[in-house]
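Just so it is clear, the model here is predicted, and its values are computed rather than measured. All values below come from the heavy atoms of this structure, side chains included, with hydrogens, waters and symmetry mates left out. Just so we're on the same page: letters track the sequence lines, and every chain starts at 1.
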2 protein chains.
Amino acid sequence: MNEARTQPGHDLLIRKLECITDLSDEEKEVLRGLPLGVRSFGADQDIVREGDRPSTCTLVLSGFICRYKVVPDGKRQIMGFYLPGEIPDLQSLHLQVMDHSLGTLVPSTIALIPHDSVHAAARNYPGIAAALWRDTLIDAATFREWMIGLGRRSARGRIAHLLCELLVRFRALGLTSGETYELPITQAELGDALGLSTVHVNRVLQELRAENLIVLRGGVLSIPDWEALTEAGEFDPAYLHIKPERLP
Amino acid sequence: MNEARTQPGHDLLIRKLECITDLSDEEKEVLRGLPLGVRSFGADQDIVREGDRPSTCTLVLSGFICRYKVVPDGKRQIMGFYLPGEIPDLQSLHLQVMDHSLGTLVPSTIALIPHDSVHAAARNYPGIAAALWRDTLIDAATFREWMIGLGRRSARGRIAHLLCELLVRFRALGLTSGETYELPITQAELGDALGLSTVHVNRVLQELRAENLIVLRGGVLSIPDWEALTEAGEFDPAYLHIKPERLP
DNA sequence: CGAAGGCTTGATAGACCTCAAACACAGTGG
DNA sequence: CCACTGTGTTTGAGGTCTATCAAGCCTTCG
C-alpha cells in the first residue's frame, strides 16, 4: 500500500473530474492530498461484493472494471464499465451496503480512498462535494441511457451505442486520441452488458465489421466511420454531461 | 402559486426523506421553510422536457409522474415512476440540462422548489445535503435494478418485479397499508417502462391474474400472495435502501 | 504439443412483436 | 335516454429477433 502524497492516481482523478466540472487550484490541491491505497488485481476478480459495507472508494488506476449483478438463474448483468480515473463505487459514500458487485475484466490496479477523507474533503470544499455528486448523477444518467438501449434498441443499436460511448469517454479522459481504443473484453462480457447472448453479439459484430462501421481485432477497436456508427446507435453524448471542450 | 410557509408538500417531502435517512428537528424545520410553487397538470402532460435547463426541482404532491425518453423511431422508454413526496428531477441541481423528460400519467399536482433555496439548505445543513444526495443515489440504484430486469428477466419477471417495487415504495411512504395500491396507469405505459409491447403486457397480466398472484381491476392492484409474486420477480428490496423499520 | 479460452458457424426453438380486429366502458351530445 | 366516440383491454394469427444447443476453429500459453 503506497501512500506517497502525490501519485499518478491523483492526476487521473483530477483529469476525470475536470471532464465534468471546473476545479480551483485549491480544490485540486486538496484532491492531491487524498490518501490512495494501491492494489493490484488479476482478471475477473471481485473488488467489492454485493452485501459488503465498504469503508473506502475505489479509484481505477489501470485496467477495465465493471459493475455487475448475478441473477438467481446464473445470468449476469453488467451495469457499467469504468476506466482509469473513474470511481465506480462513489455511491458507497452514502449507501452503506453494496447492492451489486464490482469486478475486474482484465488485470487492473486500483486505489482505495477512505470514505473519511473523501467526506472531509467534501465537507470543507463545496466544489469538491458538487463535483462528486455530479459524477454520481452522470453515472445515473448513463444507467438511464443503458435502460433505453436494453428496453428499446435492437442488438445492433445497443452494440453501436456502447462502442460510441466508450470512445467518447476514452477521449474525454485523454486515454486515447483519434478513433481507436483498447477494448480488452470478451464478446460474452459485451453480451452481459447488453442483455444479449454471446452468439448474437458475435453475429452483430461481424455485421458491423462487414459494413466497415468498426474494426475490431486483438482487443483494439477502431471506428472508421463515426457518423455511421453514431447513427446506427442513435448515439448522442448529451447524457454524459461532459464539458463541451472535452468532447471530440 | 401558493407560498404559505408550511404546506402538505413539506410533510410529504419530510416523510419521504425519513424513509431513507434520519433528519434532526432543525433540518426538518429548514425543509419546512422551502418555498413551494404549486402547479396542477392534466394527464399525459410534460412537466420538464429533454433539453430544458430548469431552475427548480419538482416535488410530487399528488398523482403519478414518470421519467421518459422517446427514441427516434417513436418508441418511448419510461425510466421511473414517482409518487407523492418524491423529487424526480433532483439531479437538475447539478446537471444543468435535462437529458430526458418528466411527465404526468394521470392528473397530478406538483410543487416547484427553486434550486437556489435547495442549494442554500444543502450548503448550510450537511444532513440535508446528505439526504438529497442519498436520494439521487437510490434513484441510480433503482435504474440499475431496472437494467437487470430489462436485460436479464422475462416479461413475467419484469412485471412482477415492478409491481413488488411499487408496493414497497407506496407502503414506505405511508400512502397505503396492506397489500393494495392504486396503479392508475395503462398497460401501454407499463410496456413502455418494461420494454414490452402492450399486447404482451396484457397476456402476462392475465397469466398472473389466473395464478392469483395479483388482482388488478379498475386501476387498483392487490397482491394476495406476496411470497409468490416476489419469487416470480426475484424481488429483493435491498436496492431501495429504505430504512428497515419502513419496510413491510 | 496439448489444453483452455475465446471466436465462429449452423440449425432449431422460443419469447416476444406486429398487425388487425373485436370488445368493454366512460364520457359526450343530441 | 341512447347512440356515438374515444380510450383502454382483449384476442387471434403470423412473423422476427434473439436465445439455445452443438460443434468446429483459432490463438495463446504453459
Side-chain angles (χ1 to χ4, degrees), chain A residues 42-45 64 71 73-78 104-107 149-162 182-210 214-221 232-233, chain B residues 42-45 64 66 71 73-78 104-107 148-162 182-210 214-221 232-233:
Chain A
D44 296 312
Q45 294 191 315
F64 215 77
V71 298
D73 68 347
K75 289 176 183 165
R76 176 168 74 158
Q77 178 68 44
I78 289 177
T104 60
L105 294 170
V106 297
L150 290 166
R152 291 300 184 204
R153 275 197 264 266
S154 67
R156 177 189 166 88
R158 282 180 235 181
I159 292 181
H161 193 279
L162 174 60
E182 284 187 47
L183 185 68
I185 66 180
T186 67
Q187 296 181 355
E189 288 157 350
L190 275 178
D192 284 343
L194 300 167
L196 299 170
S197 69
T198 310
V199 171
H200 201 59
V201 168
N202 180 279
R203 294 194 163 117
V204 174
L205 282 176
Q206 288 181 57
E207 184 187 312
L208 293 174
R209 276 193 280 235
I214 63 170
V215 178
L216 175 57
R217 254 191 28 226
V220 175
L221 183 100
Chain B
D44 295 311
Q45 293 192 315
F64 214 78
C66 74
V71 298
D73 68 347
K75 289 176 184 166
R76 175 168 76 159
Q77 177 68 43
I78 290 177
T104 60
L105 295 171
V106 296
I148 296 170
L150 289 166
R152 291 300 184 202
R153 275 197 265 267
S154 66
R156 176 190 166 87
R158 282 181 235 181
I159 292 181
H161 193 281
L162 175 59
E182 283 187 47
L183 185 67
I185 65 180
T186 67
Q187 296 181 358
E189 288 157 350
L190 276 178
D192 284 344
L194 299 167
L196 299 170
S197 69
T198 309
V199 171
H200 202 59
V201 168
N202 180 278
R203 294 195 162 116
V204 175
L205 283 176
Q206 289 180 55
E207 184 186 312
L208 293 175
R209 275 194 281 235
I214 63 170
V215 178
L216 176 56
R217 255 189 30 223
V220 175
L221 182 98

Please classify the nucleic acid contact of [X] as base, sugar-phosphate, or nothing, using heavy-atom distances under 4.0 Å.
X: A:Ser154; value: sugar-phosphate
X: B:Arg152; value: nothing
X: A:Ser197; value: base
X: A:Gly191; value: nothing
X: A:Gly219; value: nothing

task: Take A:Arg203 and A:Val199 through the side-chain contact (heavy atoms from CB on, under 4.5 Å) test and state the conclusion after the steps.
output: CA-CA 6 Å; A:Arg203 294 194 163 117; A:Val199 171; 2.9 Å; yes
- prompt: Taking only N and O in the side chain of B:Asn202, is any of them less than 4.0 Å away from OP1 or OP2 of D:dT10?
  reply: yes
Distance test, side-chain N/O of B:Arg153 to OP1/OP2 of C:dC16, below 4.0 Å: no
Taking only the side-chain heavy atoms of [X] (C-beta and beyond), determine which of [options] contains the nearest atom.
X: A:Gln206; options: C:dC16, D:dT10, C:dT8; value: C:dT8
X: A:Thr186; options: C:dC7, C:dC17, D:dT9; value: C:dC7
X: A:Arg203; options: C:dC17, C:dT9, C:dT8; value: C:dT9
X: A:His200; options: C:dC16, D:dA19, D:dT10; value: D:dA19

message: Given A:Ile214, which partner from the list A:Leu183, A:Leu205, A:Ile159 fulfils the side chain to side chain contact (heavy atoms under 4.5 Å, CB included) test?
response: A:Leu205
Gap between atoms [atom1] and [atom2], on [X] and [N] respectively (whole Å):
X: A:Leu105; N: C:dG6; atom1: CG; atom2: C1'; value: 15 Å
X: B:Asp192; N: D:dG8; atom1: CG; atom2: P; value: 12 Å
X: B:Leu150; N: C:dC17; atom1: CG; atom2: C1'; value: 16 Å
X: B:Glu189; N: D:dG8; atom1: CD; atom2: P; value: 7 Å
X: A:Leu216; N: C:dG6; atom1: CG; atom2: P; value: 15 Å
X: A:Ile159; N: C:dC7; atom1: CD1; atom2: P; value: 12 Å
X: B:Lys75; N: C:dT18; atom1: NZ; atom2: P; value: 5 Å
X: A:Gln187; N: D:dT27; atom1: CD; atom2: C1'; value: 14 Å

Residue whose nearest DNA chain C nucleotide is more 5′ - B:Val199 or B:Val204: B:Val204
message: As a quick check of understanding, evaluate side-chain contact (heavy atoms from CB on, under 4.5 Å) for B:Glu189 and B:Arg76, giving each step before the final call.
response: CA-CA 9 Å; B:Glu189 288 157 350; B:Arg76 175 168 76 159; 3.4 Å; yes
Non-hydrogen atoms of A:Leu150 and B:Gly151 that approach each other most closely: CD2-CA, 3.9 Å
- prompt: Stepwise, does the side-chain contact (heavy atoms from CB on, under 4.5 Å) test hold for A:Asn202 with A:Thr198?
  reply: CA-CA 6 Å; A:Asn202 180 279; A:Thr198 310; 5.7 Å; no
